[in-house]
Amino acid sequence: MSIVVEQLARRFNRGGSPAVSRVSFQAPEGAITSLLGPSGAGKSTLLRLIAGLEIPDEGRVLIDGVDSTQMPVQQRGVGVVFQSYALFKHLTVRQNVAFGLEVRRVPKAEREARVEEMLRMVQLEHLGGRYPGQLSGGQRQRVAFARALAIRPRVLLLDEPFGALDTRVREELREWLHALHERTRLTTLLVTHDQQEALEISQHVVVLSEGCVAQAGSPADIYDRPASPFVASFIGGASVLRGHVQAGRAAMGALSVTAPAAAREGEPVHAFVRPHDIKLAKAFAGAASASTTTGRVERLKPVGGYVKVFLRLPSGDEVTVEVPRSEFDALGVAEGDSVRADVRSATVFVGDYSI
Amino acid sequence: MSHPTRHRVLPGFRLSLGFSWFYLGLIVLIPLSSLFLRTFSLSWEEFWGTVTTPRALAAYRLSFGASLAAALANVVFGLLVAWVLVRYRFPGRDVLESLVDLPFALPTAVAGLTLTTLFSAKGWYGQYLEALGLKVAYTSVGVAIALTFIGLPFVVRTVQPVLEDIDVDVEEAAATLGSSPWQTFRRVLFPALFPALLSGFTLAFARALGEYGSVVFISGNMPLRTEIVPLLIITRLEQYDYAGATAIAIVMLGASFSLLLAVNLLHRWSQRRLEARPGA
Ligand SMILES: Nc1ncnc2c1ncn2[C@@H]1O[C@H](COP(=O)(O)OP(=O)(O)O)[C@@H](O)[C@H]1O
């Protein structure tokens with residue numbers, strides 16, 4: 001049961017910029033599709049339009065090939081999980097999960113069996129009698145999943161489901177969601193601003209920016225072949241270097257990298273370099289090449305297993321480099337030192353562009 | 001479900017509990033017990049005779065009946081007003097917000113006079129109601145209306161914060177599960193609001209039972225028909241029948257206290273289900 005969105009648009013304030021402007025994309029059947037973008041990009045609005053919680057100004061929503069644009073939310077058969085859990089506080093876990101079945105008048109015996117099945121699925125069968133207030137955040141969110149899945153939805157819509165949880169629980173639940181999806185194979189749409197989350201658990205990623213689709217593709221496509229400067233800077237924490245096209249290469253001071261084939265001489269370029277795509281070495285060790293430059297270590301920030309090195313290049317641009325701890329120790333540099341930086345790969349865009 | 005004893009940031013539970021008892025004793029219990037002492041001048045038969053005259057019985061009936069009707073009306077309309085104030089943004093919202101508190105601020109005699117003028121046979125409302133054959137001023141309906149007026153803020157102000165706490169997400173989640181708006185109200189919102197509605201009801205009811213100022217004008221104070229208990233007590237006092245006045249007061253006190261206690265127990269029972277204990 002795929003989700004197809006065609007030219008969907010929603011504007012909240014007359015005259016203001018639209019929250020979602022003519023967005024089209026497909027969420028393939030049986031896959032997890034992430035809607036990824038910075039805060040305010042229109043991800044939640046898009047999800048709410050698909051759920052039927054919001055009415056579009058234009059466009060269509062097709063769920064499993066059926067035009068559902070005018071269908072009331074109660075009949076869409078979508079399972080929605082909110083960041084805030086949105087559990088019914090006065091009902092026990094079991095009653096929460098049973099809610100959708102009760103309002104749909106599912107017979108008691110079937111209802112009870114389904115509730116137990118759902119509780120087993122989210123591994124909460126021992127907590128069925130508790131109230132939401134007596135559960136941890138991660139447990140509450142699993143109840144919300146069980147409640148949404150109990151009605152056997154056609155598709156599952158998740159609005160930042162792990163956004164309110166701490167990092168460790170978030171990572172656990174990400175794994176858990178992956179395993180759950182392996183079993184249910186339910187077409188799932190996941191709204192997130194966390195690229196790690198999107199790249200890790202989805203098979204398809206739709207990057208949104210200011211209410212428009214910036215790029216859609218597999219996680220590998222998005223990561224390795226960003227289609228625009230926006231995607232390149234948003235994904236992977238890349239640093240940007242400014243320069244010009246010179247002799248067919250993108251030159252940033254003494255440093256140069258391969259330029260796109262269509263680039264014309266003298267055009268401005270922006271090169272996006274990921275933190276682990278730069279290799280550091282002691283200054284003047286080994287032969288210099290075109291993709292090598294010197295840099296001054298401005299600041300060092302140890303972050304667990306690796307060290308973040310903030311480098312100032314001769315061109316004035318600042319780049320961030322991530323060096324594994326062991327490599328960093330072998331390198332032996334301190335703040336203020338000069339180092340040699342070898343740019344192993346960069347994504348280059350030609351033309352003016354402001355971040 | 002037992003609540004673990006937690007270390008409190010502020011010290012002095014014993015001190016503050018002791019003070020609370022002392023304070024309530026000083027301003028509530030001692031004055032009330034002097035009431036009991038007064039009635040000791042009556043024999044049991046005299047007491048029973050005084051508190052069960054047809055006039056007294058009619059007054060109890062009117063006081064409790066009209067207060068109950070008023071409190072129930074306030075539960076319905078107070079919920080509606082609170083809903084509008086919490087869920088919608090509209091021009092004039094601030095004005096509505098302040099109007100809600102007006103019955104608190106107004107001297108009750110002013111309220112009584114105003115309502116009497118409005119509902120009398122020639123008043124703005126009264127002339128039309130009269131044409132429909134409905135008499136309000138100087139009837140028990142008028143009493144209930146006056147009591148509704150003074151009790152409105154209680155329900156609005158107790159329900160409002162609770163309603164603000166209920167995330168719209170919760171209603172939306174219910175809708176995605178297939179719940180119609182009415183089902184959502186009945187199964188989700190109402191249970192969550194019930195303790196607050198009950199508190200508001202209790203306050204409005206208690207306030208109505210004790211109300212005097214606004215009622216005397218609109219009721220007409222006809223014994224057996226539109227005389228409320230507080231007025232009956234005043235009448236007895238004016239006749240220097242202190243023992244009679246206090247005897248009736250004691251019945252009123254006993255009945256009110258039992259009612260409030262019952263409602264409080266019900267409240268605690270319903271609140272317990274909502275109590276959130278984080279962690280676990
Ligand atoms: N109910 C609403 N009323 C007015 N503006 C809204 C509403 N919901 C969202 N917006 C606006 O629409 C834009 C997109 O919001 P949203 O879809 O929540 O983005 P995201 O989920 O990507 O953070 C934002 O500028 C937001 O302020």
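Quick note on labels: first sequence line is chain A, next is B, and so on, each numbered from 1.
- Within a 6.0 Å radius of OH in B:Y60, more than 12 heavy atoms belonging to other residues, nucleotides or ligands are found.
- The local environment of CZ in A:R14 is sparse, with at most 12 non-hydrogen atoms from other residues, nucleotides or ligands closer than 6.0 Å.
- For A:L157, no part lies near chain B; criterion is any non-hydrogen pair under 4.5 Å.
- The local environment of CZ in B:F90 is crowded, with over 12 non-hydrogen atoms from other residues, nucleotides or ligands closer than 6.0 Å.
- When all heavy atoms of B:V188 and A:H90 are compared, the pair lying nearest together is O-CE1, 3.5 Å.
- Residue contact with chain B, scored on non-hydrogen atoms closer than 4.5 Å, involves the side chain of A:R48 exclusively.
- By the neighbour-count criterion of 12 heavy atoms within 6.0 Å, atom CZ of B:F257 is sparsely surrounded, having that number or fewer from other residues, nucleotides or ligands.
- Using a 4.5 Å heavy-atom cut-off against chain B, the contacting residues of residues 92-110 of chain A are A:F99, A:G100, A:E102, A:V103, A:R104, A:R105.
- Contact annotation for residues 71-85 of chain A against chain B (heavy-atom separation below 4.5 Å, listed by residue number): A:V73, A:Q74, A:V78, A:V80, A:F82, A:S84.
- To the nearest 0.5 Å, atoms CG (A:L87) and CG (B:D169) are separated by 11.0 Å.
- Residue-environment remark: CZ (B:F104) exceeds the threshold of 12 foreign heavy atoms within 6.0 Å.
- With a 4.5 angstrom heavy-atom cutoff, A:A150 does not touch chain B via any of its atoms.
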